[in-house]
Amino acid sequence: MPKLISSPKNALTGTLSVPGDKSISHRSLMLSALAVGRSEVTGLLEGEDVLATAEAMRAMGATVNRLGEGHYEVFGVGVGGLLEPENVIDMGNSGTSTRLLMGLIASHEITVMMTGDASLRGRPMGRVITPLSEMGAEVTARDGRFLPLTIKGTDETLPIDYTSPVASAQVKSAILLAGLNTLGRTVVREKTATRDHTERMLTAMGANVTVEEDGEGRVVSIDGQPELKPVSFAVPGDISSAAFLLVAASIIPGSDITLEGVGLNPLRTGILSALKSMGADIQIVNESTLGGEPVGDIRVRAAKLKGTNDIGVDPSTMIDEFPVLFCAAAVASGTSTFTGLEELRVKESDRLSVMAEGLKANGVQVDESPDGLTVHGMGGKVPGGGTVATHLDHRIAMAFSVLGQMAEAPITIDDAAPIQTSFPSFIDLMAGLGAGLKLGAD
Ligand code: S3P
């Protein structure tokens with residue numbers, strides 16, 4: 001467990017690109033593995049989570065070759081063509097790999113055993129087991145809902161019309177991916193629209209996916225058994241990774257950075273509105289489209305942030321960025337209250353309690369409620385000096401690395417290893433911009 005010590009050094013300055021979007025990277029490998037022929041992916045995030053997806057697609061018959069940094073070619077097996085892996089597939093820390101692959105497997109006549117690390121083994125899988133079982137898959141899971149599990153798919157799945165009880169792009173995508181090899185029309189209804197990368201990418205590959213509003217939310221439908229065309233995917237920069245740099249540059253006086261080519265899908269940009277509502281100085285320039293997704297460069301300069309009880313964000317447009325937003329609130333002046341965030345309790349860690357613990361350990365006053373946090377901002381540097389337990393959660397490790405840049409005494413992160421899952425270059429990029437980050441002994 002390499003420790004990471006974060007303490008103030010310089011203002012952040014410079015221009016850089018963040019690594020490829022994690023959600024799009026996973027989907028580019030899964031979907032090209034189901035196309036007929038050769039697809040190419042550029043800008044793929046080479047973090048552990050995405051590499052776990054690549055390995056799983058290889059184990060199920062696709063050929064996935066690395067041609068260069070973030071540059072891959074995939075020879076797909078065609079919809080319906082996945083093969084049974086010879087061994088248990090290990091999804092590491094990745095909930096997205098697990099839930100989306102369960103969808104794909106559900107409508108193939110194969111049996112797959114899946115496991116993951118201690119964090120993933122604690123995450124609820126019932127949310128995908130229920131709809132996939134309705135379609136005809138048989139799942140045997142530890143305690144009915146946890147990994148390790150065995151999923152036995154069938155090529156005779158039934159199309160369903162499903163209203164998801166949780167706002168989750170993973171649940172929606174799992175059902176749509178199961179619907180790919182299901183005769184007829186599979187429908188997913190979501191009360192709150194969630195990220196729509198699956199819908200966009202499937203459409204680009206020739207599947208018939210329709211998205212409608214019916215007054216109660218979004219209705220997404222897919223017609224089963226299309227032939228997916230191989231395509232070239234260009235993966236935009238990950239706004240969820242950019243979020244750490246956006247907050248860091250906002251809170252460290254004198255900072256001025258530009259992040260190039262960041263994905264700006266409107267279902268992902270809540271962090272920009274949230275930071276702006278706190279007074280951040282953020283400008284978007286050079287807007288264009290990359291691989292069917294809006295992208296742009298984000299310039300952020302340091303600003304005095306104010307706490308807020310209303311971040312003015314549609315809840316579906318922001319989820320993974322809350323840990324670092326809580327750190328922004330700790331440095332802001334005044335109190336910030338965040339509610340409606342019970343889903344944060346079932347992420348890589350229980351992000352409400354782990355963030356509350358870490359902030360308190362560093363002298364910030366926090367009140368935890370069942371669905372949120374109230375953070376009492378310091379109006380400047382936090383005391384720091386504490387050690388943060390990351391609980392195998394990359395976003396906790398990175399959030400406190402950012403907060404340490406505005407701490408009177410260094411903040412120690414007990415384990416830097418989880419950062420490898422989504423943002424392997426994080427420490428180097430932050431240090432390159434001027435941050436004070438040092439890896440300690442194991
Ligand atoms: C993701 C969806 C979100 C997000 C996760 C990636 C995706 O999870 O937290 O990091 O790629 O579909 P939920 O679907 O559980 O909200």
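For the numbers below, each heavy atom of this structure counts, side chains included, while hydrogens, waters and symmetry mates do not.
In terms of heavy atoms, S250 sits closest to V300 at OG-CG2, 3.4 Å. Closest heavy-atom contact between D371 and G340: OD2-N, 2.9 Å. Closest approach of D297 and T258 over heavy atoms only: CB-CG2, 4.2 Å.
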Exercise. For E293 and R195, what are the C-alpha separation, side-chain angles and deciding distance, and is it a salt bridge (charged side-chain N to carboxylate O under 4.0 Å, His left out)?
Worked result: CA-CA 11 Å; E293 296 274 347; R195 66 189 72 190; over 6 Å; no
Problem set entry | Pair K347-R123, side-chain contact (heavy atoms from CB on, under 4.5 Å): steps then yes or no | CA-CA 7 Å; K347 294 294 179 186; R123 298 184 66 187; 4.1 Å; yes
Problem set entry | Step-by-step side-chain contact (heavy atoms from CB on, under 4.5 Å) determination, V375 to M355 | CA-CA 10 Å; V375 180; M355 282 304 301; over 6 Å; no
Problem set entry | Derivation and outcome, side-chain contact (heavy atoms from CB on, under 4.5 Å), residues V18 and F244 | CA-CA 10 Å; V18 291; F244 297 101; over 6 Å; no
For this session: In sequence, state the C-alpha distance, the side-chain angles, and the governing distance for T157 and S107, and then conclude on side-chain hydrogen bond (donor to acceptor under 3.5 Å, both in side chains).
Result: CA-CA 6 Å; T157 30; S107 56; 4.6 Å; no
For this session: Kindly determine whether S97 and T53 satisfy side-chain hydrogen bond (donor to acceptor under 3.5 Å, both in side chains), including the steps that lead there.
Result: CA-CA 6 Å; S97 311; T53 291; 2.8 Å; yes
Exercise. Given N65 and F75, is the side-chain contact (heavy atoms from CB on, under 4.5 Å) satisfied, shown in steps?
Worked result: CA-CA 9 Å; N65 296 325; F75 293 92; 4.1 Å; yes
Exercise. Under the side-chain hydrogen bond (donor to acceptor under 3.5 Å, both in side chains) criterion, do H394 and S422 qualify, and how do the steps go?
Worked result: CA-CA 7 Å; H394 53 137; S422 70; 2.7 Å; yes
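Ion pairing of R351 with D320 is present here, as a side-chain N (NZ or NE/NH1/NH2) and a carboxylate O approach within less than 4.0 Å. Taking the charged nitrogens against the carboxylate oxygens, R345 and E342 have no contact shorter than 4.0 Å, which rules out a salt bridge. Under the 4.0 Å criterion applied to side-chain N and carboxylate O atoms, E213 and R218 are assigned as salt-bridge partners. Ion pairing of D281 with R299 is absent here, as no side-chain N (NZ or NE/NH1/NH2) approaches a carboxylate O to less than 4.0 Å.
The aromatic rings of F423 and F426 lie perpendicular to each other, with more than 60° between the two planes, well past the 30° mark.
D21 places a side-chain N or O within 3.5 Å of a backbone atom of I24 that can act as its donor or acceptor partner.
Interatomic distance, R127 CZ to L132 CG, rounded to the nearest 0.5 Å: 13.0 Å. Rounding to the nearest 0.5 angstrom, the gap separating the CG atom in N362 from the CZ atom in F400 is 6.5 Å. Rounded to the nearest 0.5 Å, atoms CG (L344) and CG (L373) are 8.0 Å apart. For the atom pair NE2 of H108 and CG of L34, the computed distance is 5.5 Å after rounding to the nearest 0.5 Å.
Here the options are K172, Q170, R268, the test is side-chain hydrogen bond (donor to acceptor under 3.5 Å, both in side chains), and the partner is T194; only K172 passes.
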